[in-house]
Amino acid sequence: MAERLRAHDITPTHQRIEIARVLLDRGEHLSADQILALVNAQYAETSKATVYNTLKLFVEKKLIRELTVDPARVVYDPNTLPHHHFYDAATGRLTDIPAEDVRVMGLPPLPPGMVAEGVEIIVRTRPQG
C-alpha cells in the first residue's frame, strides 16, 4: 500500500496507509464516517479530521474519486477509471456502471476558455410502487 501511495506522490504514514487500505482493499463506495469507523475498528487512534484531510489529499492526487450522490451524502470511490453509477435512493447503495454501457450524444457549449474534464452520470433508482 505504501508503494501505491508513493506512486501518487503521497507520503505514506501509518494513518494514510490504513485509510487507503480500507478504501482500496474493500473496493466499496464509503462515506468518511464509514471509513473512520473501519480504520478505528481495532485501535481508535485516527481522528475525524485526519480522515477528512487524508481523503481530500487522496482526491487531489487522483488516488480516489469523490462522489456527491445527494446534497447530504458524499462517498469516496476507489475506482478512478471512467465509469458511472446506479444510486439506490432507498438503500443508499451505489453500483458501478461500465463506461462503455453509457453513451452521451452531446454536451451543451462550454463556457469560454473551458474544456470538458469528464462526464459522470448517476442514475438514481428506487423500488417500484
Side-chain angles (χ1 to χ4, degrees):
M1 197 56 65
E3 285 306 314
R4 194 159 179 192
L5 293 177
R6 283 187 195 97
H8 285 269
D9 199 29
I10 299 169
T11 302
T13 65
H14 172 71
Q15 291 174 324
R16 288 176 180 170
I17 289 169
E18 291 306 312
I19 292 167
R21 184 170 285 124
V22 163
L23 264 169
L24 302 175
D25 285 352
R26 294 175 74 91
E28 298 176 38
H29 304 92
L30 299 171
S31 70
D33 287 338
Q34 290 171 312
I35 294 164
L36 177 64
L38 289 166
V39 167
N40 284 336
Q42 285 187 310
Y43 310 104
E45 61 183 30
T46 303
S47 71
K48 193 171 196 172
T50 297
V51 169
Y52 276 95
N53 289 335
T54 300
L55 292 171
K56 181 181 178 195
L57 174 66
F58 287 2
V59 169
E60 287 172 1
K61 298 293 187 171
K62 301 195 183 308
L63 179 66
I64 61 172
R65 292 181 358 178
E66 182 180 71
L67 299 172
T68 304
V69 292
D70 68 42
R73 183 149 189 255
V74 174
V75 296
Y76 297 89
D77 188 350
N79 182 355
T80 58
L81 298 174
H83 68 285
H84 308 284
H85 295 93
F86 284 117
Y87 174 62
D88 183 332
T91 66
R93 184 162 189 248
L94 275 170
T95 307
D96 288 353
I97 303 170
E100 60 271 11
D101 289 355
V102 175
R103 290 188 325 160
V104 176
M105 299 305 289
L107 295 173
L110 299 174
M114 301 302 285
V115 297
E117 187 174 271
V119 174
E120 294 180 20
I121 296 172
I122 298 176
V123 179
R124 297 177 197 300
T125 64
R126 62 172 170 71
Q128 220 173 3

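Ring-plane geometry between H29 and H83 is classed as tilted, the angle between the planes lying from 30 to 60 degrees on a 0 to 90 degree scale.
Residues R16 and T11 form a side-chain contact, since some pair of their non-hydrogen atoms from C-beta on lies under 4.5 Å apart. Side-chain contact between L94 and E28: absent, with no pair of heavy atoms (C-beta onward) separated by less than 4.5 Å. At least one side-chain heavy atom of L24 sits under 4.5 Å from a side-chain heavy atom of M1. Side chains of F58 and L5 form a contact here, defined as non-hydrogen atoms less than 4.5 Å apart.
Note on I10: it clusters hydrophobically with L23, by side-chain heavy-atom contacts below 4.5 Å among ILVMFWY residues. A single hydrophobic cluster is not seen to contain both V51 and V75; linkage of ILVMFWY side chains at heavy-atom distances under 4.5 Å, directly or through other members, places them apart. A continuous path of ILVMFWY side-chain contacts below 4.5 Å connects V22 to L63, so both sit in one hydrophobic cluster. Under the 4.5 Å side-chain heavy-atom criterion for grouping Ile, Leu, Val, Met, Phe, Trp and Tyr, V74 is connected to V59 within one hydrophobic cluster. With hydrophobic clusters built from ILVMFWY side chains whose heavy atoms lie under 4.5 angstrom apart, L67 does not share a cluster with L30.
Nearest approach of S31 to Y76, heavy atoms of both residues: C-CD1, 4.5 Å. Contact detail for I17 and A2: the closest heavy-atom pair is CD1-CB, 4.1 Å.
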Let me have the donor-acceptor pairs involving side chains of residues 97-125, under 3.5 Å, with sequence neighbours excluded, atom names and distances please.
{"from": "R124", "atom 1": "NH1", "to": "V69", "atom 2": "O", "distance (Å)": "2.4"}
{"from": "R124", "atom 1": "NH2", "to": "V69", "atom 2": "O", "distance (Å)": "3.1"}
{"from": "T125", "atom 1": "OG1", "to": "Y87", "atom 2": "O", "distance (Å)": "3.3"}

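Looking at D88 and R93, no side-chain N of the basic residue comes within less than 4.0 Å of a carboxylate O on the acidic one, giving no salt bridge.
With values rounded to the nearest 0.5 angstrom, I35 atom CD1 is found 9.0 Å from Y52 atom OH.
The closest donor-acceptor contact from the side chain of E18 to the backbone of N40 lies at 3.5 Å or more, if one exists at all. Judged purely by atom type and a 3.5 angstrom limit, D77 has no side-chain atom pairing as donor or acceptor with the backbone of R65. Using a distance-only test at 3.5 Å, with no hydrogens or angles considered, a donor-acceptor pair links the side chain of R73 to the main chain of G92. H8 contributes a side-chain N or O that, together with a main-chain N or O of K61, makes up a donor-acceptor pair within less than 3.5 Å.
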message: What verdict does the side-chain contact (heavy atoms from CB on, under 4.5 Å) test give for K48 and D33, after you've listed the backbone C-alpha separation in whole Å, the side-chain angles of each residue and the deciding distance to 0.1 Å?
response: CA-CA 8 Å; K48 193 171 196 172; D33 287 338; 3.1 Å; yes

